Number of protein chains: 2
Amino acid sequence: MKTKLKPDADLSAQIAKAIRDAIVSGELIVDARLPSEAELSETFGVSRPTVREALKRLAAQSLIRTQRGATGGAFVNRLRFDEAYGDQITTSTLLLSMNDVDFETACEARFALERACAPLSAKRRTADHLAAMRAEIHRQQQPGLSDEGFCASDVAFHRTLVDGAENPVLSYHLAGAVEGMQPLMNMITFSARDRARIIALHVALTDALEAQNPVGVEAQLDALCQETLRLGRDVRAARTRNTAP
Amino acid sequence: MKTKLKPDADLSAQIAKAIRDAIVSGELIVDARLPSEAELSETFGVSRPTVREALKRLAAQSLIRTQRGATGGAFVNRLRFDEAYGDQITTSTLLLSMNDVDFETACEARFALERACAPLSAKRRTADHLAAMRAEIHRQQQPGLSDEGFCASDVAFHRTLVDGAENPVLSYHLAGAVEGMQPLMNMITFSARDRARIIALHVALTDALEAQNPVGVEAQLDALCQETLRLGRDVRAARTRNTAP
DNA sequence: AGACATTTAAATGTATGACAATTCTTTTCA
DNA sequence: TGAAAAGAATTGTCATACATTTAAATGTCT
């Protein structure tokens, strides 16, 4: 492992970077055990708390895991797709909320990315995917469903569509785009008429997917995008009316 | 800030989670100052080193920044798109390398996502984008260029295509997909004939983009995908020949 | 009064040492 | 032989102290 450090930063950050580089470069492979905290503090010439701060930084990025006990220590962690979803979604959500991203911009990105999955999903969707999507549609038809519940079901519906492509890389990248938009979507009030429109599009989309008709899937996605943008405009219009009458 | 902690985890992880939740939920807004480390250790009933480990975890995710001095402390950080690129790329790269993702799967995901940008880029690309892409094409034509250099230029070319959509959300998500594949691409040896083919496709793609012809852009992307898959198959075939003759 | 130097205070950064908790290994004893 | 007990290695946590940085308060001189 490299012991060359970049100056002008916290020691713990420098040490974390050195170890991270060793992992990314492949110098430390999956499940390799790092030296003990005591050895690392010797190697880098710092105290144990400083080493620990560095290790916590890496643990926060799921690059290492730690085990106590005699045969314990810090081990290079195998980063798995399903584990990476959470961070990806959190980061996407924060990026949208902290940078005042237009609803239109986020919406455009989301549906553009979803469209990318349409041909693959149309080819590979299984009966399970179709059943899961129809189950969500059924849930969306419940009269007592709250707006948040409707939104959550919508997200689940679309994530199943994405998973239909049977490509974990695609699912990973789309998770952030789809779930990250949920807070923005939650600002929308879905009238009964709005819901009916969306559900009709969901049904048409699922039918096209069942028929393995990629063009049809893309068409319904485009229609959903337009519908969602319209709802977003309505919310903004209502807010403008209220704040500047 | 919530002081309710989830058991069965390191204290520093629990505290980091509590603060992270407060940030994600909006309870702590951008640029808000967290209590000092001494106050936090009082609040959570733990020692200062433990609090510091928690803060380092958050700093590793760019959720907070710290400042020394009298008016210093830990502040909620505004997560910016360009800062988030780095982590996104690192994570994507590790996901591919640590999970033995097929070249085909990664390639499929990458070009599917890039296709999603085609219509928007065709609509919005500026002269600057076109110039940058043609500059990369010129670089790719240099005879002395190494395979790594060719690859890096290829990545730059495609990222410019993505940026042409003028949608930061899209650029963010695509950065991981495109750059994360670079290590896989670096395993390919590009013969002079391969390069000529790819460059021809790049030229055709850029021409279609200049003509604002989305269908043309998508067609060239599909061709590039096929070409890349072919090169990947060649590498695998060569390796199979060598390891099991 | 104003400008400049000094002190002070608050905060993070780092070090030291100790002890607790956990887990595997080794030894001991029935 | 087998099970219990001791031992050793390692991470988790704590308490305390000191170093460093930064801004504000204070003082001093012109």
Side-chain angles (χ1 to χ4, degrees), chain A residues 1 3-20 22-23 28 30-78, chain B residues 1 3-20 22-23 28 31-77:
Chain A
M1 182 186 323
T3 60
K4 193 58 177 298
L5 305 178
K6 175 181 98 180
D8 269 13
D10 292 353
L11 287 177
S12 67
Q14 297 176 38
I15 294 167
K17 179 175 188 332
I19 299 176
R20 179 163 40 240
I23 294 174
L28 286 169
V30 165
D31 291 334
R33 182 181 176 283
L34 273 62
S36 72
E37 296 175 354
E39 289 175 284
L40 285 173
S41 54
E42 276 267 336
T43 306
F44 288 106
V46 300
S47 68
R48 213 185 124 208
T50 301
V51 166
R52 282 181 61 79
E53 287 178 8
L55 293 179
K56 294 315 170 199
R57 295 179 114 110
L58 299 174
Q61 298 179 304
S62 301
L63 292 182
I64 62 169
R65 61 178 187 278
T66 55
Q67 252 179 354
R68 304 226 283 198
T71 58
F75 299 85
V76 178
N77 195 33
R78 157 163 274 126
Chain B
M1 184 186 324
T3 60
K4 194 57 176 302
L5 305 179
K6 175 180 99 180
D8 271 12
D10 293 353
L11 286 178
S12 67
Q14 297 175 37
I15 293 166
K17 180 177 187 327
I19 300 176
R20 181 163 39 241
I23 293 174
L28 285 170
D31 291 334
R33 182 180 175 282
L34 273 63
S36 72
E37 296 175 352
E39 289 174 285
L40 285 173
S41 53
E42 276 267 336
T43 306
F44 289 104
V46 299
S47 68
R48 212 186 125 209
T50 302
V51 166
R52 282 181 63 79
E53 287 179 8
L55 293 179
K56 294 314 171 198
R57 293 179 115 111
L58 299 174
Q61 299 178 305
S62 302
L63 292 182
I64 63 169
R65 62 179 186 278
T66 56
Q67 248 180 353
R68 305 225 287 196
T71 59
F75 299 85
V76 177
N77 196 32

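Note that the coordinates shown come from a computational prediction; the quantities given were computed from them, not determined experimentally. Here is how names work: the chains are called A, B, and so on, in the same order as the sequence lines, proteins then strands, and each is numbered from 1.
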Euclidean distance, atom CG of residue Leu11(A) to atom P of dT16(C) [Å, nearest integer]: 12 Å

With a 4.0 angstrom cut-off to heavy atoms of chain B, pull out the first and last contacting nucleotide of DNA chain D, in 5'-to-3' order. dG12(D) to dA23(D)

dist Ser41(B):OG -> Arg48(B):CZ (nearest 0.5 Å) comes out at 8.0 Å

How far does NZ of Lys56(B) sit from CG of Leu58(A), to the nearest 0.5 angstrom? 13.5 Å

Using the side chain to side chain contact (heavy atoms under 4.5 Å, CB included) rule, take Leu63(A) and Ile19(A) through it: C-alpha gap first, then chi angles, then the decisive distance, then the call. CA-CA 10 Å; Leu63(A) 292 182; Ile19(A) 299 176; over 6 Å; no

d(Glu42(A) CD, Leu40(A) CG) to nearest 0.5 Å is 10.5 Å

Could you tell me the separation between the CD atom of Gln14(B) and the OG1 atom of Thr50(B), rounded to the nearest 0.5 Å? 10.5 Å

What is the distance, to the nearest angstrom, from the CZ atom on Arg52(A) to the C1' atom on dA20(C)? 13 Å

Output for pair (Arg20(B) CZ, Ile64(B) CD1), nearest 0.5 Å, gives 10.5 Å

How many angstroms lie between CD1 in Ile23(A) and CG in Leu34(A), if you round to the nearest 0.5 Å? 6.0 Å

Taking atom C1' of dT14(C) as reference, at what distance in whole Å does atom CG of Leu40(A) sit? 17 Å

Expressed in angstrom and rounded to an integer, what is the separation of Ile15(A) atom CD1 from dA15(C) atom C1'? 13 Å

Contact check, residues 58-74 of chain B vs DNA chain D, heavy-atom distance under 4.0 Å, returns Arg68(B), Gly69(B), Ala70(B), Thr71(B)

Between dT12(C) atom P and Glu53(B) atom CD, what is the distance in whole Å? 16 Å

Most 5' of Arg48(A) and Pro49(B) on DNA chain C, judged by nearest nucleotide: Pro49(B)

Check whether any side-chain N or O of Arg33(B) sits under 3.5 Å from a backbone N or O of Ala74(B) as a donor-acceptor pair, and report yes or no. no

